[in-house]
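Atom set for the values below is all heavy atoms of this structure, side chains included, hydrogens, waters and symmetry mates excluded. Computed from a predicted structure; not experimentally measured. Every chain is numbered from 1, with letters handed out A, B, ... down the list of sequences.
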Protein chains: 2
Amino acid sequence: MAATKDPRPCSIADTLALVGEKYSLLVLREVCLGNSRFDQLVRNIGAPRDILATRLRRLVDAGILTKRAYSERPQRFEYRPTQAGLELEPVLLTLMAWGDRHVRNDDDRPMVVEHGCGNELLPVVTCSACGDTVRHEDLTAHPQAPGWTVTGPTVA
Amino acid sequence: MAATKDPRPCSIADTLALVGEKYSLLVLREVCLGNSRFDQLVRNIGAPRDILATRLRRLVDAGILTKRAYSERPQRFEYRPTQAGLELEPVLLTLMAWGDRHVRNDDDRPMVVEHGCGNELLPVVTCSACGDTVRHEDLTAHPQAPGWTVTGPTVA
DNA sequence: AAGTGAGGGTTGGATTTTCCAACTCTTCGA
DNA sequence: TCGAAGAGTTGGAAAATCCAACCCTCACTT
């Protein structure tokens, strides 16, 4: 999935090169839920075992997951998110919220996440400087590197 | 990419079924930046033209993009995000922030996004109820449907 | 002692996608 | 008349995915 000729330097593309392959983010979903063993992942994700093995290697190499033996004799392993992996959780939450809104007709959500404050988590992306919810119209893109051509009076 | 046997009902998986294929989110990046024409997309994304055509059809079908003629005679088209498409922008922003932090060593970010408040946008996912930044430890998953087995004392 | 089952993969081959370059078609401009 | 731009489509080679079957180690049962 390496962007062999991607003409744009871009952190979105770079990130997707690590976690954008099929099943990778679902692996992350599972390990964030605490499901850490190979067979659990196979069952819960529905991925072919060989593909899953490949993905796990990739994610471990990328520093997103760690692989640890939870038992020698018989050797058994578990996969857990690293700090970097946990920092991708907001991506999952945002994807989930979008899916709840747009692919399901809300209200038959397969999962609800509860926040420590006692309420159901409705994740919102905000500007850390002012705290406001991010709206498309409030954004302006500033390319820092060559390769970016932003057409309109537009925005990221 | 349809999850043919995904044993888990999951909005993350559902959303990825729509936008998780290679290049789809980069298409969204481009249209959010205002680059709306086929050839621009080919150049900026670096995708094969045939694949891009396929992705565009998918995204239009999914209601994430619209296709409009901006010129008859010669027929020319533009792709723009729908409201639903724009609501995926937070996913892009979060992916970008993660990449800035973890794949680049910060400080050579290819793009900076400015927020309407005048500051550089550092996107943070917060709980809409209490306003706090979402941390993994504060989350508890509540499966609503069968098929979910959350192992540990864990979390989404 | 033999058989069974769990866990964590690997292997071979069929199927599906991607990739790439070339080609098409239409219309505008020189 | 001769490009050139825009928006794709097409055919065939290369790569990735899918699937079922297999392997290995150890533990537990009978």
Query - Contact under 4.0 Å: A:K22 side-chain N or O vs C:dT17 OP1/OP2 - result: no
Report summary line: A:I51 atom CD1 is separated from C:dA14 atom P, nearest whole Å, by 17 Å
N/O contacts under 3.5 Å, protein versus nucleotides 4-7 of chain D?
| residue | atom | partner | partner atom | Å |
| --- | --- | --- | --- | --- |
| D:dG6 | O4' | B:R76 | NE | 3.0 |
| D:dG6 | O4' | B:R76 | NH2 | 3.4 |
| D:dG6 | O3' | B:R76 | NE | 3.4 |
| D:dA7 | OP1 | B:Y70 | OH | 3.2 |
| D:dA7 | OP1 | B:F77 | N | 3.1 |
| D:dA7 | OP1 | B:F77 | O | 2.9 |
| D:dA7 | OP2 | B:F38 | N | 3.4 |
| D:dA7 | N7 | B:R49 | NH2 | 3.2 |

Query raised in the report: Mind checking what makes ring pair (Phe, Tyr, Trp, His ring centres under 6.0 Å) contact with A:H102, not counting sequence neighbours?
Result: A:W98
Query raised in the report: How long is the line joining OH of B:Y23 and C1' of C:dC20, in whole Å?
Result: 11 Å
Query raised in the report: What nucleotide, of D:dA27, D:dC19, C:dC28, holds the atom closest to the side chain of A:D50?
Result: D:dC19
Report summary line: Here the distance between atom C1' of C:dT11 and atom CG of A:L52, to the nearest Å, is 16 Å
Query raised in the report: Is A:R57 near enough to C:dT10 that one of its side-chain N or O atoms lies under 4.0 angstrom from OP1 or OP2?
Result: yes
Requested in this report: Mind calculating the distance between CG (A:N44) and P (C:dG8) to the nearest angstrom?
Outcome: 13 Å
Query - Atom of A:I64, atom of A:L18 and distance for their closest heavy-atom approach - result: CD1-CB, 4.5 Å
Requested in this report: Give the minimum heavy-atom separation between A:L52 and A:F38, together with the two atoms involved.
Outcome: CD2-O, 3.9 Å
Requested in this report: Please report, rounded to the nearest Å, how far the P atom of D:dC24 is from the CZ atom of A:R73.
Outcome: 17 Å
Report task. Locate the shortest heavy-atom distance separating B:E87 from B:P90; write the atom from each residue and the value. Result -> O-CD, 3.3 Å
Query - Check: A:T126 side chain, B:V124 main-chain N or O, donor-acceptor pair, under 3.5 Å - result: yes
**Report entry** Gap between atoms CZ and C1', on A:R68 and C:dG8 respectively (whole Å)
**Finding:** 17 Å
Query - Distance under 6.0 Å and angle within 45° of ring axis: B:K67 vs B:Y79 - result: no
